[in-house]
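Accompanying notes for the structure given below.
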Amino acid sequence: GNDPEAAAVRIADTLSFRQANGLVADDAELWRAVEEHPARDRWPFAYLPGSEVPDGSPVCYARLSQLQVAATLAAFDEEELMHFVALWFE
């Protein structure tokens, strides 16, 4: 609904999450953090330069046959994975 106080809390939570997870960096810093994250080697997704659609949105390619969910969940705790996925989708 239209609850300004609840909206303010959600915005503050979002900003806090972004700060805590390094999502306020510039593009170069953000991509460096993605590529250097230990979970990156287990993440079979990629954005290829020049693969944008006409409106400029990036295209993400996935090699789903290489996604090893159980092994990834065993190798990283929830906080590490949440941080990596937040970086990736930023």
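All values derive from a computational prediction rather than experimental measurement.
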* Interatomic spacing from CZ in F84 to CZ in F76 - rounded to 0.5 Å ->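 The distance works out to 8.5 Å.
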* State, yes or no, whether a side-chain contact exists between Y47 and V59 at a heavy-atom distance under 4.5 Å. => no
* Given side chains that start at C-beta, do those of T72 and W43 come closer than 4.5 Å, heavy atoms only? ->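 In short, these two side chains do not touch, never coming nearer than 4.5 Å.
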Looking at [X] and [Y], would you say the former's side chain and the latter's main chain have a donor-acceptor pair under 3.5 Å?
X: R10; Y: D13; value: no
X: S16; Y: A12; value: no
X: R63; Y: P44; value: no
X: E36; Y: A33; value: no
X: S57; Y: V53; value: no

Determine the minimum heavy-atom distance between [X] and [Y], stating which atoms define it.
X: A71; Y: R42; answer: CB-NH1, 3.5 Å
X: P58; Y: E52; answer: CA-CG, 4.2 Å
X: W88; Y: V34; answer: CE3-CG1, 3.7 Å

same_hphob_cluster([X], [Y]) at 4.5 Å side-chain heavy-atom cutoff:
X: F89; Y: Y61; result: no
X: L48; Y: L30; result: no
X: L15; Y: L87; result: no
X: M82; Y: V69; result: yes

* For E35, does the CD atom sit with more than 12 other heavy atoms under 6.0 Å from it, leaving out its own atoms? -> yes
